[in-house]
K.L.:
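Okay, here's the structure, questions in a sec.
Model, not experiment: these values are computed from the prediction. Whatever order the structure lists ligands and atoms in, that order sets their numbers, starting from 1.
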Amino acid sequence: MRVLIVGGGGREHAFVRAVLRSPSVSEIFVAPGNPGIAAEPRTTCIDVPASDVAALVDFARKQAIELTIVGPEAPLVLGLVDALTAAGLNALGPTAAAAEIEGSKDFAKRVMRASGVATADWSAHRTLESARRALPDGPVVIKADGLASGKGVFVCDTRDEALAALVKILDGTPEVVALIEERLSGEEVSVIALCDGEDALLFPPAQDHKRLLEGDRGPNTGGMGAYAPTSAIDAAGLGSVQRDILRPVLREMASRGSPFRGFLYAGLMLTPRGPMVLEFNARFGDPEAQVLLALLACDPVPAFLAAASGRLEGHDLRFRPGAAACVVMAAKGYPDKPERGAVIEGLKEASLHADILHAGTRLDEAGRLLADGGRVLGVTVAGSSLADALSHALRACDCITFDGSQHRTDIGARELERPSP
Ligand code: AMP
Ligand code: GLY
């Protein structure tokens, strides 16, 4: 079987590794991929951007691709899965209409309200006057409605901060919408489920580390590292996520004529009122994919194909015992102004300790590997315990050098400190 994976980051490198487990897969194509992906066996990177829907459909048709897995949100929102399906091809990911659950936070909130899912109270506004009138005195969260690559969320302590955020978002463009949300508190957990429109198979719960600096300080990033499983939520809690969050949302999406197939990512906050949804993503998380796919103990392709065709029943995903950790190595200047071009060294030695998944890398004419994006590498280990996985990952990070590189040494620290249940 020939598989096409769309995207070129650490998540897509993790997908390649997962799909390579399958004896039924003869060849993998990745659009556009990266140098780490290109070095994998049976894998070819093609020079097609992830957002070029027409070229991707053309490629999949000509190469007789039997399964396309879409990594990032942009091609989903552009309708890549709709176009592949219309061409009679199997694609794992939601349609553009279903991807609205990530593409519009207001849409996601309305789906949650209609399905009775616990989430922060909110109001949506098109004008500054209306937002100003609705703004309470206490702490709130201000969000831009559309896709903002993680840059559209402002967690505000004061009314002045909230007003400043609203001014930034409501810049006079008529179609822009801002949300004012009740600010929740608690620990955050990512629950990702493989969905077929009706049913959901859960991956183990994971925890991302969004802040740049140790101790969860500094600016928000795409994610500086992750580990799984997390004991922040127990089996009963996960059961309630399945029963009270995922299934009702899948039912509601289906009843709206947009059944959700693909990876549904629930960003949860574990509040004193129980797990509440902060956001949904219509795709696998990054760097959650790096750890969750590293924990797979089965060939995932049959379940992926089944989800794509709407028939997950009878399939499951199995995971190895132990834990996985991913430490992200980011470029100098990340997240504000990541610098490109630093020469990366030490990967050979590092790979004795960890799987080095590439994100923002590129080869120059001389064949040297360069940093070429914000998040550069995802240093990933599945081990017998979290402590074991982390110590190997950090040892690997110590082997890798590039000018100005940044990584956190406290990924998973909270889990290690938790009293065992
Ligand atoms: P989002 O992109 O909606 O997940 O928001 C990004 C981050 O902002 C989350 O990971 C939380 O840390 C924080 N956040 C979002 N919504 C809320 C909320 N209602 N209350 C508290 N923190 C929030
Ligand atoms: N790790 C957060 C995300 O993928 O959105």
Side-chain angles (χ1 to χ4, degrees), residues 7 9-12 14-15 70-74 76 99 101-109 112 117-124 136 138-157 161-162 165 169 178-192 203 205-212 216-228 230 232 262-273 275-293 326-328 330 335 357 359 374-375 378 380 408 411:
R11 167 182 49 209
E12 288 74 28
F15 269 125
V70 186
E73 61 275 23
L76 294 169
I101 200 158
E102 172 167 3
S104 163
K105 291 182 189 288
D106 189 37
F107 173 82
K109 283 291 201 185
M112 285 188 261
V117 164
T119 186
D121 275 342
W122 93 104
S123 58
V140 290
V141 180
I142 304 295
K143 297 183 180 178
D145 177 53
L147 284 182
S149 312
K151 297 205 175 86
V153 178
F154 302 85
V155 179
C156 306
D157 289 320
E161 274 178 50
I169 295 169
L179 272 64
I180 301 177
E181 264 187 40
E182 167 198 13
R183 184 162 151 193
L184 304 174
S185 54
E187 218 173 310
E188 287 180 50
V189 170
S190 311
V191 174
I192 290 151
F203 282 79
Q207 225 163 19
D208 185 11
H209 296 63
K210 291 214 169 97
R211 302 294 200 97
L212 179 70
D216 293 326
R217 290 172 305 110
N220 258 323
T221 70
M224 293 299 291
Y227 73 92
T230 176
F263 297 103
L264 183 59
Y265 169 136
L268 304 174
M269 195 167 258
L270 306 177
T271 74
R273 286 182 268 169
M276 294 177 78
V277 177
L278 295 180
E279 62 163 350
F280 282 112
N281 292 318
R283 52 171 176 80
F284 224 111
D286 184 338
E288 286 91 336
Q290 287 83 322
V291 289
L292 292 175
L293 297 171
C326 171
V327 178
V328 169
L357 301 177
R375 292 186 290 175
T380 305
R408 282 179 60 167
I411 302 303

K.L.:
Please name all residues satisfying ring-ring contact (aromatic ring centres under 6.0 Å, His included) with F263, sequence neighbours left out, ordered by chain then number.
P.N.:
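Here the qualifying residues are F15, F284, F304.
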K.L.:
Suppose I only count heavy atoms of E182 and a 4.0 Å limit; which atoms of ligand 1 are within that range?
P.N.:
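Once the distances to E182 are compared, the set is 18 (C), 19 (N), 20 (N).
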K.L.:
I'd like the contact residues of ligand 2, where contact means a heavy atom below 4.0 Å.
P.N.:
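Contacts of ligand 2 under 4.0 Å: D208, G222, Y265, N281, R283, G285, D286, P287, E288.
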K.L.:
Would you check the N or O atoms of L184, main chain and side chain alike, for any that come under 3.5 Å of an N or O of ligand 1?
P.N.:
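By distance alone, the answer is yes.
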K.L.:
Quick one: which of K143, K210, M269 has a heavy atom closest to atom 3 (O) of ligand 1?
P.N.:
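Going through K143, K210, M269 one by one, K143 has the nearest heavy atom to atom 3 (O) of ligand 1.
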K.L.:
In chain order, what residues pass the side-chain hydrogen bond (donor to acceptor under 3.5 Å, both in side chains) check against K105, with sequence neighbours excluded?
P.N.:
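Partners of K105 under the side-chain hydrogen bond (donor to acceptor under 3.5 Å, both in side chains) test: none.
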K.L.:
Are the side chain of R183 and the backbone N or O of C156 linked by a donor-acceptor pair below 3.5 Å?
P.N.:
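Flag set: sc R183 to bb C156 pair under 3.5 Å.
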K.L.:
Going by heavy-atom distance to atom 11 (C) of ligand 1, choose the closest among M276, E188, E279.
P.N.:
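Looking at heavy atoms only, E188 sits closest to atom 11 (C) of ligand 1.
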K.L.:
Which of the numbered atoms in ligand 1 are under 4.0 angstrom from any heavy atom belonging to A120?
P.N.:
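What qualifies from ligand 1 is 19 (N).
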K.L.:
Taking only residues two or more places apart in sequence, or in another chain, which ones meet D286 in a side-chain hydrogen bond (donor to acceptor under 3.5 Å, both in side chains)?
P.N.:
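If we apply the side-chain hydrogen bond (donor to acceptor under 3.5 Å, both in side chains) test to D286, skipping adjacent residues, the hits are Q290.
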K.L.:
May I ask you to test the P72-R11 pair for a side-chain heavy-atom distance under 4.5 Å?
P.N.:
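A side-chain contact under 4.5 Å exists here.
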K.L.:
Between T271 and G186 (side chain of the first, backbone of the second, donor and acceptor by atom type, cut-off under 3.5 Å), is there such a pair?
P.N.:
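Absent.
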K.L.:
Any N or O of E181 that comes nearer than 3.5 Å to an N or O of ligand 1?
P.N.:
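N/O-N/O distance under 3.5 Å: yes.
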K.L.:
What closest approach, in Å, do Q207 and T230 show between heavy atoms, and which atom pair accounts for it?
P.N.:
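Looks like OE1-OG1, 3.7 Å.
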K.L.:
Can you name the closest pair of heavy atoms from I101 and A108 and give their distance?
P.N.:
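Closest approach of I101 to A108, heavy atoms only: O-CB, 3.3 Å.
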K.L.:
Does the distance from a Lys or Arg side-chain N to an Asp or Glu carboxylate O, for R408 and D216, drop under 4.0 Å?
P.N.:
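Salt bridge between R408 and D216, a charged N being under 4.0 Å from a carboxylate O: yes.
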